[in-house]
2 protein chains.
Amino acid sequence: MTQVTTDPFNALRERLAELADLRSVAQLLDWDQQTMMPPRGAPARAETVATVQRLSHEMFVADETGRLLAAAAAHLDGAPPDSDDAALVRVVTRRWEKARRVPSKLAADLARAASIGQQAWIAARRDADFAGFAPYLERNFELVRRYIDCFDDFDCAYDALLDDYEPGGRTAEVSSLFDELKGELRSIINALSDRAGRVDDSFLHGHFPVDGQRRLVTWLIEQMGFDRAGWRIDDAIHPFATGFGNRDVRITTRWDERFLPTSLYGAMHECGHGLYEEGVAQSLQRTPLGHPESLALHESQSRLWENMVGRGRPFCGVLVPRIAEVFGDGARVGVEEFYRAVNRVTPSLIRVEADEVTYSLHIVVRFELEQELVEGRLAVRDLPEAWNARYEEYLGIPVPDDAQGVLQDVHWSSGLIGYFPTYALGNLIAGQLFERAHQDVPDLDAQLSAGQLHDLREWLRDKVHRHGAKFSTAELLPTVVGGPIEVGPFIAYLKGKLSQVYDLDLR
Amino acid sequence: MTQVTTDPFNALRERLAELADLRSVAQLLDWDQQTMMPPRGAPARAETVATVQRLSHEMFVADETGRLLAAAAAHLDGAPPDSDDAALVRVVTRRWEKARRVPSKLAADLARAASIGQQAWIAARRDADFAGFAPYLERNFELVRRYIDCFDDFDCAYDALLDDYEPGGRTAEVSSLFDELKGELRSIINALSDRAGRVDDSFLHGHFPVDGQRRLVTWLIEQMGFDRAGWRIDDAIHPFATGFGNRDVRITTRWDERFLPTSLYGAMHECGHGLYEEGVAQSLQRTPLGHPESLALHESQSRLWENMVGRGRPFCGVLVPRIAEVFGDGARVGVEEFYRAVNRVTPSLIRVEADEVTYSLHIVVRFELEQELVEGRLAVRDLPEAWNARYEEYLGIPVPDDAQGVLQDVHWSSGLIGYFPTYALGNLIAGQLFERAHQDVPDLDAQLSAGQLHDLREWLRDKVHRHGAKFSTAELLPTVVGGPIEVGPFIAYLKGKLSQVYDLDLR
């Protein structure tokens with residue numbers, strides 16, 4: 001014992017382990033609120049969340065944490081930068097320096113407002129009542145501006161937010177990637193515009209009893225690695241995934257009896273997130289590196305499984321007979337027909353139901369609007385109008401009501417501002433990883449055709465999952481694909497798929 | 001605002017509100033572990049629980065809490081002892097003085113061992129494997145002995161434990177009540193012994209599909225006051241009730257397809273607990289008085305609803321037609337027949353399924369054994385043998401395996417030692433309250449016959465629930481029934497009922 005306690009890392013790890021525990025508490029409070037809590041519990045829950053946030057924040061930003069970090073840093077003894085110890089000191093020091101600037105009171109206020117706002121959003125979305133929701137949203141943006149004011153070392157206001165969800169991410173870089181992406185997507189949409197009628201997806205809009213969907217989804221996620229000894233799946237209005245360490249992973253989904261893909265691809269998406277949480281190395285558990293930090297990397301996992309595997313031609317051959325088995329002859333359809341249907345490109349209102357091409361345009365709308373809101377160029381009361389105008393402009397569709405418009409996503413209600421761009425960045429990274437996986441696992445398509453998901457999962461675990469939060473995207477991605485985030489592979493992937501689906505040569 | 005903050009109560013209340021939040025967190029971690037958590041999550045959960053316990057304990061026992069309590073006490077200005085302020089200072093000071101004696105490390109160790117032990121118990125009970133469970137139990141008793149060693153102002157070791165579950169409770173007083181109770185129960189059992197065959201409850205052992213039970217239980221608890229806007233009901237191996245404030249009350253139950261009373265009366269029992277949590281006055285929310293503290297009072301509520309209402313002749317007239325409605329003609333039975341069946345007295349193995357007469361003997365066994373274990377007069381390894389011998393002696397039945405014997409209850413696995421006597425005390429108090437309620441609500445039986453539970457619930461709310469933890473049993477009970485805990489009313493109630501059920505005059 002004495003040998004161990006002389007290591008300055010032990011004192012640091014002990015303190016950080018308690019902080020990791022408090023993070024689990026915060027995650028559980030949120031998971032419970034979104035899946036289990038009776039609605040009248042919301043006000044008390046908001047106070048509880050705020051208290052946990054305040055305690056956690058105070059413990060983290062304390063001078064003592066800095067002292068322990070410094071002692072550990074001095075003791076690194078030339079440990080390689082990719083060692084657990086070096087990464088722990090590097091990552092935590094960066095977070096500590098950022099968090100120290102934020103008063104505990106503000107951290108608690110942000111947490112409380114997020115919890116209250118989320119509950120208000122549920123009712124507002126149900127009633128398509130933006131006016132009733134606006135005060136909560138104003139409060140969240142006001143607090144977020146006060147949060148931004150804590151920093152003076154970012155290039156722009158939005159950078160301070162983006163950095164929380166995509167460490168090291170910069171607004172200018174994202175804007176540049178998105179400009180390129182937008183151009184590419186527009187040209188694909190234009191190329192497909194006179195072929196809109198060629199793909200029939202009417203059979204996806206049938207009647208699919210929830211019981212059958214549950215059976216299908218259970219089978220599907222079990223193929224991916226879901227194991228009830230260490231996982232749960234529950235219902236939620238806005239599906240999400242969370243983990244309390246790598247042995248308690250929880251995903252959620254929602255069910256639409258009239259549209260099968262909602263649960264099917266929603267569950268694959270969340271299970272992709274869950275695999276990332278589950279795949280983090282045991283040595284990083286109960287440390288701040290135990291949960292992936294970059295939401296762009298996180299989203300690359302969910303979308304790789306959902307779209308590149310789940311909507312890919314090889315795995316469609318596995319899905320189709322299974323669907324017919326569960327729902328009977330009425331759901332029998334050709335693999336080719338199914339493959340085309342689930343890849344149909346058509347501008348739509350709801351982000352989470354969007355196809356792979358238009359999806360990123362939904363993100364661009366949000367990315368632009370939240371910058372304007374944060375910088376005060378747009379007032380909350382004018383948001384629905386701005387939202388609807390942007391949808392008309394980018395996607396060419398009118399928004400009939402706010403429930404299908406500005407109220408569709410939970411994020412802003414929960415104070416998650418600066419989060420949306422990570423979704424589109426995730427698409428790009430997924431394109432890069434999927435391309436690389438095909439190089440490293442040469443018979444990958446044959447495996448997917450046979451429903452064998454093991455090698456792909458293990459490849460992702462080895463290349464991405466096991467590292468947890470050790471590396472930023474800018475640090476990790478080059479070690480896997482040889483460079484930074486790029487638009488090219490994702491667009492090449494889309495063009496390849498859509499050339500098949502729409503019988504034309506986009507390449 | 002300045003006016004308010006000059007009040008020394010505000011600083012105290014603010015600190016105590018955060019402690020109440022941490023209590024909610026601890027409750028949620030436990031609720032989740034018992035209802036939702038995948039089994040592999042247990043080790044991480046144990047760490048999380050320990051951290052929350054340690055932080056909470058440290059914050060509570062800090063000198064600062066004592067300083068705030070003293071300042072508030074000095075500011076009471078002759079506030080009446082039953083005022084919220086006076087009760088807050090009185091109750092919290094007592095808890096603070098007790099908690100201060102316990103090192104934070106020990107508090108965390110106790111919490112961690114409880115969480116780990118509970119998980120080990122689930123497997124041990126399933127496999128009837130006491131040997132595998134013994135090390136966890138030894139650990140819990142070892143820690144509890146270290147806990148007892150923190151105090152020097154109790155008459156005996158067990159008093160220090162009992163006081164945690166029944167504030168101010170004394171082992172000597174409980175022993176004396178239990179001696180009287182045991183004698184009375186024995187004489188009832190003897191009087192009934194040659195009439196055992198007179199009551200037929202075979203129709204309770206039929207086939208009752210869980211779906212139907214869920215419908216029945218939902219209807220039943222809604223009659224009692226369950227409202228899904230502020231309540232939940234879930235499945236649990238060992239049913240319990242908990243509350244995160246008075247607007248988020250959660251109860252649990254279990255289902256036995258072959259024995260209807262398990263879910264029916266189990267749910268009434270837990271709903272009785274839930275009503276107590278829900279009934280606490282709004283002014284006490286987010287204070288340490290916001291949750292009832294005496295588990296004897298708590299149990300009086302659950303058993304009053306379960307047995308005195310649920311198994312009472314008047315309400316049986318409401319239950320019986322409803323059961324037939326849900327389960328069809330096969331479940332049709334006469335009210336009188338049902339009333340007799342659910343009140344059948346017969347010694348049995350499982351405490352939670354015991355009748356009202358033998359139930360308290362199950363408690364006496366545990367009360368005696370845990371004193372012996374705590375005082376070192378009995379070793380954990382010898383516990384199953386001692387348990388089985390005591391069941392033979394008091395209940396006259398052999399124990400076939402440890403799952404139906406010493407492993408049947410979760411309590412000891414979770415470190416809840418000194419808790420069991422509150423169950424039998426609850427029976428006694430319920431007898432006193434139900435007698436008094438009949439005096440205050442003269443047509444109570446007529447109301448129960450009509451399925452009207454409102455007046456009884458409101459009477460309990462007014463007399464008991466709204467006070468939360470303001471008063472100990474010794475303080476509260478005399479204001480409601482005119483004296484301390486007594487055996488008489490409970491025995492009179494039992495004799496009255498059993499005279500009807502068994503067609504004889506026990507009085």
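What you see is a predicted model, and the numbers here were worked out from it, not measured in a lab. Lettering follows sequence order; numbering is per chain, from 1.
Ranked by heavy-atom pairs under 4.5 Å with chain B, the first of A:Gly245, A:Pro39, A:Ala50, A:Pro43 is A:Pro39. For the set B:Asp32, B:Asp21, B:Thr35, B:Asp248, the count of heavy-atom pairs under 4.5 angstrom toward chain A peaks at B:Asp21. Taking chain B as the reference chain and counting heavy-atom pairs below 4.5 Å, the highest number among A:Arg228, A:Arg54, A:Met59 is found for A:Arg54. Here A:Thr48 is the residue among A:Asp234, A:Leu29, A:Thr48 with the most heavy-atom pairs under 4.5 Å with chain B.
Checking B:His465 against B:Gln301 by side-chain atom types alone, a donor-acceptor pair falls below 3.5 Å. Counting only N and O atoms by type, the side chains of A:His291 and A:Glu277 include a donor and acceptor under 3.5 Å apart. Side-chain atoms of A:Thr287 and A:Arg13 form no donor-acceptor pair, as typed in the model, at a separation below 3.5 Å. At a cut-off of 3.5 Å, with distance as the only test, no side-chain donor of B:Thr253 or B:Glu270 sits close to an acceptor on the other residue. Judged by distance alone, the side chains of B:Gln34 and B:Asp30 do bring a donor and an acceptor atom under 3.5 Å apart.
Residue contact with chain A, scored on non-hydrogen atoms closer than 4.5 Å, involves the side chain of B:Arg286 exclusively. Looking at B:Val49, there are no atoms closer than 4.5 Å to chain A (heavy atoms on both sides), in backbone or side chain. Both the backbone and the side chain of B:Met36 come within contact range of chain A, with heavy atoms under 4.5 Å apart.
With A:Glu278 as the fixed residue, the salt bridge (charged side-chain N to carboxylate O under 4.0 Å, His left out) test singles out one of A:Arg461, A:Arg247, A:Arg250: A:Arg461.
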